[in-house]
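Input: a single structure, listed below in structure tokens.
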Amino acid sequence: MLSLTKFNLSSCLLPIPDLSKYDNQQMRPLAQISSENGCNSSSTEAPKVNDASKIMVRSNPRGAERLPPGIIAAESDFYLRRLWGDPNEDLTFKQRYLVTFTVGYAHRKNVDTVVKKFSENFTILLFHYDGQTTEWNEFEWSKRAIHVSVPKQTKWWYAKRFLHPDIVAPYEYIFIWDEDLGVEHFDAEEYLKLVRKHGLEISQPGLEPDRKLNWLMTKRINGSEVHKEVEEQPGRCRDPHLPPCAAFVEIMAPVFSREAWRCVWYLLQNDLVHGWGFDLALRKCVEPAHEKIGVVDAQWVVHQSFPSLGNQGESRNGVAPWQGVRDRCGKEWGIFNSRLRDAELAQQRANGG
């Protein structure tokens, strides 16, 4: 919208500017437009910096339309900075990747073992569901890690609130892992080499096949580097290129490219904190999904199934805390599926389908 102040038409007739051509560039004050059309610029009062008569930059991020583009800092990171010195000299090294764990202090020894499988190329971010943070300083790496503590919250609750795509933008890959993984046969740098080699945007390490698995897709295949599809039990897959036979990883230990996470973050529902069913929809964020989602067999882990966040639930009507948590997980799965189905139907109708 144009707002004109003290505008004098006596010296010339000013044509109405075509605003559409300024959508993707910084728009100019009316004084400049009038001058370029042969009018006496003195007949128009030049807008001040904060004057509402200045056309706003509509290509700026929402809420920043009044700012000159050159001052906008649209992205952030988890790099630690000093309280002194030249800001330009704060960072002598920038980590390329991010790994997050949602943890309780009771499992610190296992987390310590897992963290040591990640090189200095990784920023370490711990989400604490039990309120204990400073206790972790018994580990040297913890002193340079990022700690976020909110009691009794899940990793997807944390991810939705602290891993916005503009916050994690500097990181090429984001690992969002559970705390109960065995990593004797895993190396993060070697893992990422295979991810790049096979063009995976969303992935997970293979799971040790001697444990009970919910999905065959996540089972490690001996002698393979990566697999992207499997043959499931009869009747489980209506299409060999769709979950759970392909285009699928679990929420236990997913790894996202920066580009994939930008989409996945929007798929996360703010109120559905357990993530059940969410993994079956990850395929909507990459194309073709059956080629860009896969399991890395050559770098594999063991799901040790420690009792952890499930015990943080509340016992009601004689139901154990872990059972109440599990019931909520199942309920969230149904809600997510309903929302996704309704959203897709609404989009089809909007497109005339």
Side-chain angles (χ1 to χ4, degrees), residues 78 98-115 123-139 141-143 145-165 167-168 174-183 204 214 249-256 261 264-282 301 303-339:
F78 290 114
L98 174 68
V99 58
T100 77
F101 302 95
T102 303
V103 301
Y105 187 61
H107 304 304
R108 62 192 179 281
K109 291 183 179 179
N110 191 71
V111 175
D112 175 53
T113 300
V114 177
V115 167
T123 293
I124 308 297
L125 173 55
L126 297 189
F127 297 130
H128 299 270
Y129 60 74
D130 63 353
Q132 294 182 270
T133 56
T134 56
E135 293 87 346
W136 286 80
N137 283 342
E138 67 184 82
F139 304 114
W141 55 262
S142 177
K143 298 174 185 177
I146 308 297
H147 297 262
V148 180
S149 178
V150 183
K152 299 187 178 183
Q153 298 302 319
T154 71
K155 71 176 181 181
W156 299 115
W157 183 92
Y158 282 111
K160 188 64 175 178
R161 288 151 181 82
F162 297 100
L163 300 182
H164 187 279
I167 300 297
V168 301
I174 299 100
F175 292 61
I176 305 179
W177 278 24
D178 288 355
E179 65 180 333
D180 60 351
L181 302 176
V183 291
Q204 74 161 77
N214 293 322
V249 297
E250 284 190 286
I251 58 174
M252 179 192 313
V255 179
F256 304 96
W261 179 249
V264 170
W265 185 87
Y266 287 97
L267 185 63
L268 273 175
Q269 303 295 288
N270 194 59
D271 58 332
L272 306 183
V273 297
H274 290 289
W276 279 33
F278 161 70
D279 42 11
L280 293 167
L282 293 175
V301 299
H303 187 207
Q304 301 177 106
S305 300
F306 296 153
S308 55
L309 193 57
N311 289 340
Q312 299 286 313
E314 182 177 311
S315 179
R316 288 187 176 183
N317 301 322
V319 177
W322 68 266
Q323 186 61 55
V325 171
R326 190 171 183 84
D327 291 346
R328 164 76 181 245
C329 291
K331 182 178 295 186
E332 287 193 5
W333 191 345
I335 294 172
F336 179 82
N337 286 341
S338 295
R339 287 182 186 176

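Just so it is clear, the structure is predicted and the values come from calculations on it, not from any experiment.
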His274 side chain near Val325 side chain, heavy-atom distance below 4.5 Å: yes

Under 3.5 Å: donor-acceptor pair, side chain of Asn110, backbone of Leu181: yes

Lys/Arg-Asp/Glu bridge criterion (N-O < 4.0 Å) met for Arg108, Glu138: yes

Sole candidate of Lys155, Glu179, Gln153 that passes side-chain hydrogen bond (donor to acceptor under 3.5 Å, both in side chains) when paired with Tyr129: Glu179

Backbone N/O of Gly277 and side chain of Asn337: donor-acceptor pair under 3.5 Å: no

Nearest heavy atoms of Gly131 and Ser149, plus distance in Å: CA-OG, 3.4 Å

Side-chain touch Arg339/Leu272, heavy atoms, less than 4.5 angstrom: yes

Contact check, side chains of Val301 and Gln204, non-hydrogen atoms, under 4.5 Å: no

Inter-residue atom distance His128.NE2 - Tyr158.OH, 0.5 Å rounding: 8.0 Å

For the student: nearest non-hydrogen atoms of Ile124 and Val99, plus distance: CD1-CG1, 3.3 Å

Nearest heavy-atom neighbours spanning Val273 and Arg328: CG2-NH2, 4.1 Å

Reported CZ-to-CD1 distance for the pair Phe101 and Ile176, which is rounded to 0.5 angstrom: 11.5 Å

Residue pair Phe175 / Val255, side-chain heavy-atom distance below 4.5 Å: yes

Intermediate values then yes/no, side-chain hydrogen bond (donor to acceptor under 3.5 Å, both in side chains), Trp136 and Asp112: CA-CA 9 Å; Trp136 286 80; Asp112 175 53; over 6 Å; no

Atom pair CH2/CG of Trp333 and Leu280 - distance to nearest 0.5 Å: 5.5 Å

Backbone of Gly330 reached by a side-chain donor or acceptor of Glu332 within 3.5 Å: no

Short side-chain to backbone donor-acceptor contact, Trp261 and Leu163, under 3.5 Å: yes

Closest approach of Ile251 to Asp178 (non-hydrogen atoms, all atoms of both residues): O-OD1, 4.4 Å

Interatomic spacing from CD1 in Ile167 to CZ in Arg161 - rounded to 0.5 Å: 14.5 Å

Side-chain donor/acceptor of Trp265 to backbone N/O of Lys160, under 3.5 Å: yes

Plane angle bin for Phe162 and Phe127 - parallel if under 30°, tilted between 30 and 60°, otherwise perpendicular: tilted

Test log, rule side chain to side chain contact (heavy atoms under 4.5 Å, CB included), inputs Tyr266 and His164: CA-CA 9 Å; Tyr266 287 97; His164 187 279; 4.1 Å; yes

Side-chain donor or acceptor of Trp177 paired with backbone N/O of Ala253 under 3.5 Å: yes

Heavy-atom pair with the smallest gap, counting every atom of Leu267 and Ala281: CD2-O, 3.7 Å

Thr154 side chain near Thr102 side chain, heavy-atom distance below 4.5 Å: no

Inter-residue atom distance Phe78.CZ - Ile146.CD1, 0.5 Å rounding: 7.0 Å

